[in-house]
**Q** 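Just dropping this structure here.
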Amino acid sequence: MTNDDGYDPSGGGADDVLDGLTEAQRRAVTTTEGPLLVLAGPGSGKTRVITRRIAYLVRCGVPAWQILALTFTNKAAAEMKARVVALLGEGPAGRGLTVSTFHALCARLLRRFAPVANLPGLSTSYSIYDDSDQLALIKATIAALNLSTTNFPPRSVLSRISSAKNDLLDAKAFEASAGDFASRVISKIYAGYEAALRKADAVDFDDLLLLTGRMLRDCAPVREACRERWSYLLIDEYQDTNRAQFVIASLLAGSGGAPTEGAAGTKPNICVVGDPDQSIYGWRGADITNILDFEKQYPGAAVVALGDNFRSTEHILLSADALIRHNKLRKHKPLVSFRGAGEKVEVVLLRDEHQEAALVADWLKAAKEDGAPPLAWKDLAVFYRTNALSRVIEERLRGEGVPYRIARGTAFYDREEVRNALGYLRVVANAADDVSLARIVNVPARGIGDTSWDKIEAAARREGTTVLVMLRQAGTVPDVSSRAANAAAKFVATLDGWTGAGSFMGADTPASLSELVERVIRESGLEGMYKTAAGVGGTGGDAADASRVDNLAELVSSAAEFEAAYVPEEDAGLGPEGGAGGTGVPPVLRVGSSAEAADTGGTPVPPVGRGVPPLLAMLRAYLERVSLVADADAVDPAQGAVTLMTLHAAKGLEFRAAALIGLEEGCLPHSRAQQNDRELEEERRLCFVGITRAMDRLLITSSKYRTIRGISERTIPSRFLDELPREHVRVSDQSDAFEGLDESWGGDSGMTGDPVAKLRARASGMSEAKPTGPFADLVVGATVRHPQFGMGTIRSITRGMNARATVKFRDVGEKTLLLEYARLVKVG
DNA sequence: CACTCATTCCTTTTT
DNA sequence: GGAATGAGTG
């Protein structure tokens, strides 16, 4: 992006990097020494400050390789790097600068230091498991423990484990903290899952952080090597860091993660940038106190607040400001617009989601035309809380011929066909990777079905070896049919053909990465499988399958591209440009160069590349890369279409005009996020993020009825609508427009009182009334008896068709019951 | 062993 | 309303 105005990269002094910055921005850039907290409000030029700061450091004589900048997304990292290069020029000045995501940095540190740091079950060719791999593994673990997936749903077990890892709790620590029965069982699953990961020489996303944090904490030589390499640390989106990331940052910075005391005397050059008001990943383990307590952790830290907003007009910004002021757990910082008053925010109440979609479509068209000059489709966006809301909008936009794209669309590397191909590649790179093997062993169907697999897998477990080893001797496994054994032999032979039986040498071994990928796709039968499904020649086939074939071809080109850019020496070192030679650039991050490392008897490690066939090394690097690219990286509003996305995906982006839909209780404060103030305030921040994405125009809609899971339900307008100041918003009620003239005909300017207030009052009055109809005596808090489960208390209840209640039973825990069948009896 | 039909279960998801 | 499992049949 180049909204960085007229800066001339050819200039040489440090001062030109400051051109055009405000006073506060300037302070954030030039306060280079010691800890610094930058509170960057929305649209305050945060990215510009970060990139200028890096350029300023370099201009002041700091070697670029001493600077480490950490982000959350690859996109942010790439943009940051590009903008720094634009500031410094392509020359040697920026050489060795490390801009990386947390996860990518950790992946490389682990690959580099796993052997030194004594991390059992982790070699340099470890696999990185994503969500679906994790799910497969956790299911297998639950099954191996003879537990049922109904009592322990894999997804929720996984999320428990994930949050434990985010808090740096390993299975043992988790067990120690496990209070109730379910938690103790989960701690067993956790332990089994960990063992399985280590056995497969694999880590999950959370492990990347957990293991790196532990390595930095426990292994002084590695810690020292990192601290020696990087003396200037910069972290973006700090409000979204979790406990593990916090510890990693603290250890890298050199404060040891110890509050106040331990840091005495040291003044690490750590600069964190973020906005507590935009913290929206608490549910994923992000800990907002990391940023709120920064000054406690580093006493005497400099603080710069960037509140000047260059993005949104006044009405929009002040609406957002008024809203966020309702949060209690927050540090206030003033928001000031530099873009003039602009138009008021439009709040419209609609009858149902179809009317809402129609209005949004009309509004988008009008916003496009009304702009001066007229806007492009790509300047427009629609935001919603949950993905399910996009469907109706999509249908309408399609019907009206408005081009749109969904920011979530399955990422390239997430597609089934691509994941299958990558599964083969993972098995090639890591013969212990049983999860990937399970995925692909019978895709396409080659006669090794579930029964044979189970037997071979059980045999492998008995022998304490990997499934692939057992597959090689499938004939000797009892009860495996000769047909399956033959199929297994053929499969193994194909695999060996690609790897030269593990040697990666010999005439038949692919000479390049792209050739390997191509052969895997062809010889595995994947290509043939999808071609058949697509109907060769295109007749009668499925268009989706045709695109699968294309995607496989695309994978080959992605491998070729990677190969072209790949430099083995850089892979061995750290930092994309930490290359060999040059002016004082350390070629490789090395353990054992410091005094302390020598004290602890740290042995210098051989470079990673040593002894590894080049093709294998390249494959590992390639797989690491593709494992770490995520959906959000693909969000690129550069196309000629309206962007539809969740509020979470919208963070960090901006649009000339935006529509925020579904402002209803239960939808924008989401029903699952109203348990406590912390959750509710995060919902409010989510709304804040949505509002502050809009530059010129903002539409907010709320629908009186919404179809949720197939049934139409009466809604209550979101409390957040009440919190928007009426001097900055224009409210209109169109929900009755087609229901006759009895009420508020033409009353869309609020002459007869505020429609939001009226509706909210009316609806909440209704919900407070005594429930009627069946089960009227069952209210939240009531004590009930169940024929099997005994006594309990009602935690929550939903009425209407299929009425359910969640009941906390004294003996058997919480259960959700269908009232129609449960025969609950109220007691007392 | 593979494919099809029914039953279940639903937030958000930077890596 | 819909995707994503699991059971059951060919």
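Every chain is numbered from 1, with letters handed out A, B, ... down the list of sequences.
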**Q** What is the separation between atom NZ on A/Lys651 and atom P on B/dT13, rounded to the nearest whole Å?
**A** 12 Å
**Q** Grab the N/O contacts between the protein and nucleotides 3-8 of chain C below 3.5 Å, and write none if there aren't any.
**A**
none

**Q** For A/Arg160, check salt bridge (charged side-chain N to carboxylate O under 4.0 Å, His left out) against everything at least two apart and list the hits.
**A**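 Residues passing salt bridge (charged side-chain N to carboxylate O under 4.0 Å, His left out) with A/Arg160: none at all.
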**Q** Scan side-chain atoms only and decide if A/Glu353 and A/Thr707 contain a donor-acceptor pair under the 3.5 Å cut-off.
**A** yes
**Q** Kindly write out the residues that satisfy side-chain contact (heavy atoms from CB on, under 4.5 Å) with A/Asn327, not counting sequence neighbours, or none if the list is empty.
**A**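 A/Ile324, A/Arg330, A/Glu681, A/Arg684, A/Arg685.
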**Q** Charged N to carboxylate O below 4.0 Å: is that the case for A/Asp352 and A/Lys704?
**A** no
**Q** Would you classify A/Arg385 as touching base, sugar-phosphate or nothing, given that sugar-phosphate means primed atoms plus P, OP1 and OP2, and contacts are heavy atoms under 4.0 Å?
**A**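 Since a base atom lies under 4.0 Å of A/Arg385, the category is base.
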**Q** To the nearest Å, how far apart are A/Leu158 CG and B/dT13 C1'?
**A** 13 Å
**Q** Measure from the side-chain heavy atoms of A/Thr646 and tell me the nearest of B/dT13, B/dT11, C/dG1.
**A** B/dT13
**Q** Quick one: is A/Asn242 getting a side-chain N or O under 4.0 Å of the B/dT14 phosphate, OP1 or OP2?
**A** no
**Q** Which residue lies toward the 5' end of DNA chain B, A/Glu679 or A/Asp131, if each is placed at its nearest nucleotide?
**A**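 Counting from the 5' end, the first nearest nucleotide belongs to A/Glu679.
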**Q** Going by centres under 5.5 angstrom and planes under 30 degrees, do the aromatic ring of A/Trp283 and the base ring of B/dT12 stack?
**A** yes
**Q** Starting at atom NE2 of A/His648, determine the distance to atom P of B/dT14, rounded to an integer number of angstrom.
**A** 10 Å
**Q** Write down the distance between CZ (A/Phe383) and C1' (B/dT11), rounded to a whole number of angstrom.
**A**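 Spelled out: CZ on A/Phe383 to C1' on B/dT11 is 18 Å.
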**Q** With a 4.0 Å cut-off on N to O distance, would you call A/Glu394 and A/Arg405 a salt bridge?
**A**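 Result for this pair is no, no salt bridge flagged.
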**Q** Classify A/Ala673 by what it touches in the nucleic acid, base, sugar-phosphate, or nothing, heavy-atom distance under 4.0 Å.
**A** base
**Q** In whole angstrom, give me the gap between the C1' atoms of C/dG6 and B/dT11.
**A**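 Here C/dG6 and B/dT11 have their C1' atoms 25 Å from each other.
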**Q** Using the rule side chain to side chain contact (heavy atoms under 4.5 Å, CB included), only one of A/Glu713, A/Arg706, A/Arg714 pairs with A/Glu664; which is it?
**A**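 Between A/Glu664 and the candidates, side chain to side chain contact (heavy atoms under 4.5 Å, CB included) is satisfied uniquely by A/Arg706.
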**Q** Just to be sure I understand the rule, does A/Ser452 reach a base, reach only the sugar-phosphate, or reach nothing, if contact means heavy atoms closer than 4.0 Å?
**A**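 The residue A/Ser452 makes sugar-phosphate contact but no base contact.
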**Q** Let me know the distance between CG of A/Leu389 and P of B/dC10, rounded to the nearest Å.
**A**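 Atom-to-atom, A/Leu389 to B/dC10, this comes out as 18 Å.
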**Q** Verify the contact: side-chain N or O of A/Arg284 to OP1 or OP2 of B/dT12, cut-off strictly under 4.0 Å; return yes or no.
**A** no
**Q** Once you round it to whole Å, what is the distance between C1' of C/dG1 and CD1 of A/Ile393?
**A**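 After rounding, the gap between these two atoms is 16 Å.
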**Q** Looking at residues at least two apart in the chain, or sitting in another chain, which of them share a side-chain contact (heavy atoms from CB on, under 4.5 Å) with A/Asn676?
**A** A/Arg678, A/Glu679
**Q** Below 30° counts as parallel, above 60° as perpendicular, anything between as tilted: where do the rings of A/Phe102 and A/Phe72 land?
**A**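 Ring orientation, 0 to 90° scale: tilted.
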**Q** Taking only side-chain N and O atoms of A/Asn387, does any of them lie within less than 4.0 angstrom of OP1 or OP2 on B/dT12?
**A** yes
**Q** Distance between the P atoms of B/dT13 and C/dA4, in whole angstroms?
**A** 15 Å
**Q** Send over the distance from A/Asp240 CG to B/dT14 P, rounded to a whole Å.
**A**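 For the pair A/Asp240 CG and B/dT14 P, the rounded distance is 12 Å.
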**Q** Tabulate atom names and distances for all N/O pairs under 3.5 angstrom spanning the protein and nucleotides 2-6 of chain B.
**A**
{"from": "B/dA2", "atom 1": "OP1", "to": "A/Asn442", "atom 2": "ND2", "distance (Å)": "3.4"}
{"from": "B/dA2", "atom 1": "OP2", "to": "A/Asn442", "atom 2": "ND2", "distance (Å)": "3.0"}

**Q** I need the CG-P distance between A/Asp206 and B/dT13, as an integer number of Å.
**A**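 Rounded to whole Å, this separation is 17 Å.
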**Q** Write out all pairs satisfying salt bridge (Lys or Arg N to Asp or Glu O under 4.0 Å) with one or both partners inside residues 381-390 of chain A, taking only residues at least two apart or from two chains.
**A**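 Qualifying pairs, neighbours excluded: A/Arg385-A/Glu683.
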**Q** Side chains of A/Asp287 and A/Tyr281: donor-acceptor distance under 3.5 Å anywhere?
**A** no
